[in-house]
Amino acid sequence: MTIMMARPHVMVVPYPAQGHVIPLMDLSLILVKQGIKITFVNTKENHDRIKSALPCGDGLLSQIYLVWISDGLESSEERKKPGKSSGAVLKVMPEKVEELIECINGSESEKITCVLADQSIGWALDLAEKKGIRRAAFCPASAAQLVLGLSIPKFIHNGIIDKDGTPLEKKGIQLSPTMPSVSTEKLVWVCVGNKTIQRHIFQLMVKNIESMKKTEWLLCNSSHELESEAITMAPEIIPIGPLLSCDQFGHSAGNFWPQDLSCLKWLDQQSPNSVIYVAFGSFTKFSPPQFQELCFALELSNRPFLWVVQPEESKLAYPEGFVERVVERGRVVGWSPQKKILIHPSVACFISHCGWNSTLESVSNGIPVLCWPYFADQFLNKSYVCDIWKVGLGLEPNESGMITQGEIQSKIHQIFIDEQLKSRARDFKEKIHIGTGQGGLSNKNLDSFISWIKS
Ligand code: UDP
């Protein structure tokens, strides 16, 4: 008699934000190729966005079971308010995910054998534990960010923050000379919303860290080549990155908005190493004066540029005549195929908000970064780029908090003429590829993880 083994079935639960969904989709696609069944759980809003952003006939996601649950929020406006989404994630989603697991596990051959959850939704990991399902946490941010989180008790003990996470003084935190630094004012939970929201995010982080500590795997979208010190400090972190999959058409999976692929043809027509790519991820919002300052800087730079301006932002006024004046050498799109752009030989540098995914995509392709952090872990990532890896420059605000056109223009000029910086960026790219290549540590870790899922 032959005993049929059930196929390994992983339920993937991302935090419902673009920079969390994309890398977990990347990981899911790798697992699917290994014969592992994936059920990917989105909120209803994100599920609909991902489905409608897919180009017709795109087969990239056909092997992943995309399912949705409600997050309990009524309007898309509500989701953008700091703390609203994380609150909803806690209130409504645990029960819905539990129902989903029970429903799927009703069929013996389809049973979920592992829950792979975003590190920032610890309840999904707790739920798996309660149900007796194996679990793994995935961190879409840097290992240094995780180490900062793990150091919270030490920060409280040393009087750097109080028990609610509020900094007791403004000072820089750098855990070692080869780790990035961050001001206490820019700690992830400190640079969001008002005091109540900050406290809420801090408590959530502390809770998530406790759940994460109990998992079998703490995967991180990073590598020894990028962050050896952070990984040495917290050996429980297993780096498997950078995960940067996209297909031959430049589609990457899990986008909330349709990617405008026509800009790739435009890039083909530009000279090598000439284009400034400008994109600030999915959250960054500019004030109208700041938006205009950037317009002027791009215009005065006299270089070709490709700029992602999301439809909502494009309501901000361009300076009079701007569009007509730059039409010859500027291209604005609503959402780009960013991974494909950063591989393109025409791209010279990236003006970025330094989200971890954007940072990885840039440095893995040897593209120097002009760092313009906005919130969350982006200040820490900026420090990696500018102070530790030295593959980019920071855009510094003036005393009123504005990044002026003069500052942007001057840093664009500097980055174009700094041959040493460009050469460091190219060398760093080679180094990063060692980790993900055959025999590299990230590659080996990923293989071990896959074997564990299949075991
Ligand atoms: N992205 C994209 N097209 C765009 C802008 C961003 O495909 O026009 C992708 C980008 O490649 C990255 C993700 O969206 O994978 C953004 O993640 P990140 O961590 O950089 O920023 P967040 O949106 O979380 O602030």
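Numbers here are sequence positions counted from 1. One-based numbering, in listed order, for ligands and for the atoms of each. Everything numeric in this text was worked out from a predicted model, so none of it was measured. What's counted below: heavy atoms across the whole structure, side chains too, no hydrogens, waters or symmetry copies.
- Side-chain atoms of Ser442 come within 3.5 Å of backbone N or O of Gly241 as a donor-acceptor pair.
- The pair Lys382-Glu396 counts as a salt bridge, with a side-chain nitrogen and a carboxylate oxygen less than 4.0 angstrom apart.
- Counting heavy atoms under 4.0 Å from ligand 1, residue Asn255 touches it through the side chain alone.
- Between Asn357 and ligand 1, at least one pair of N/O atoms sits closer than 3.5 Å.
- Side-chain N/O atoms of His344 and Asn365 include no donor and acceptor closer than 3.5 Å.
- Remark: ligand 1 atoms within the under-4.0 Å shell around heavy atoms of Gly19 are 17 (O), 24 (O).
- If you look at Ile22 next to ligand 1, the close heavy atoms, those under 4.0 Å, all belong to the side chain.
- Within the structure, ligand 1 lacks His20 among the residues with a heavy atom less than 4.0 angstrom away.
- Between Lys431 and Glu225 there is no salt bridge, since none of the side-chain N atoms of the basic residue sits less than 4.0 Å from a carboxylate O of the acidic one.
- Contact atoms of ligand 1 toward Gly281: 23 (O) (distance under 4.0 Å to a heavy atom of the residue).
- Among protein heavy atoms, the minimum distance from atom 23 (O) of ligand 1 is reached at Ser282 OG, 2.5 Å.
- The residues Asp26 and Lys339 are annotated as salt-bridged, a charged nitrogen and a carboxylate oxygen being separated by less than 4.0 angstrom.
- Shown are Phe286, Tyr318, Phe296; of these, the ring-ring contact (aromatic ring centres under 6.0 Å, His included) with Phe291 is made only by Tyr318.
- Formation of a donor-acceptor pair under 3.5 Å by the His433 side chain with backbone atoms of Ser364 is found in this model.
- Contacts between Ser336 and ligand 1, counted as non-hydrogen atom pairs separated by less than 4.0 Å, involve both the backbone and the side chain.
- Below 4.0 Å from some heavy atom of Gln259 lie the following atoms of ligand 1, by number and element: 7 (O).
- Centroid-to-centroid, the aromatic rings of Trp266 and Tyr277 stay 6.0 Å apart or farther.
- Compare Pro337, Ser362, Cys263, Ser358 by their heavy atoms: the one nearest to atom 20 (O) of ligand 1 is in Ser358.
- Nearest protein heavy-atom contact of atom 1 (N) of ligand 1 is Trp335 CZ2, 3.2 Å.
- Numbered from 1 in the order shown, with element, the atoms of ligand 1 that lie under 4.0 Å from a heavy atom of Val308 read 8 (O).
- Comment: Lys207 does not engage Glu210 in a salt bridge, judged by the lack of any side-chain N to carboxylate O separation of less than 4.0 angstrom.
- Contacts between Trp356 and ligand 1 below 4.0 angstrom, taking non-hydrogen atoms only, involve the backbone exclusively.
- Here atom 15 (O) of ligand 1 lies nearest to Glu361 when heavy atoms of His353, Glu361, Gln18 are compared.
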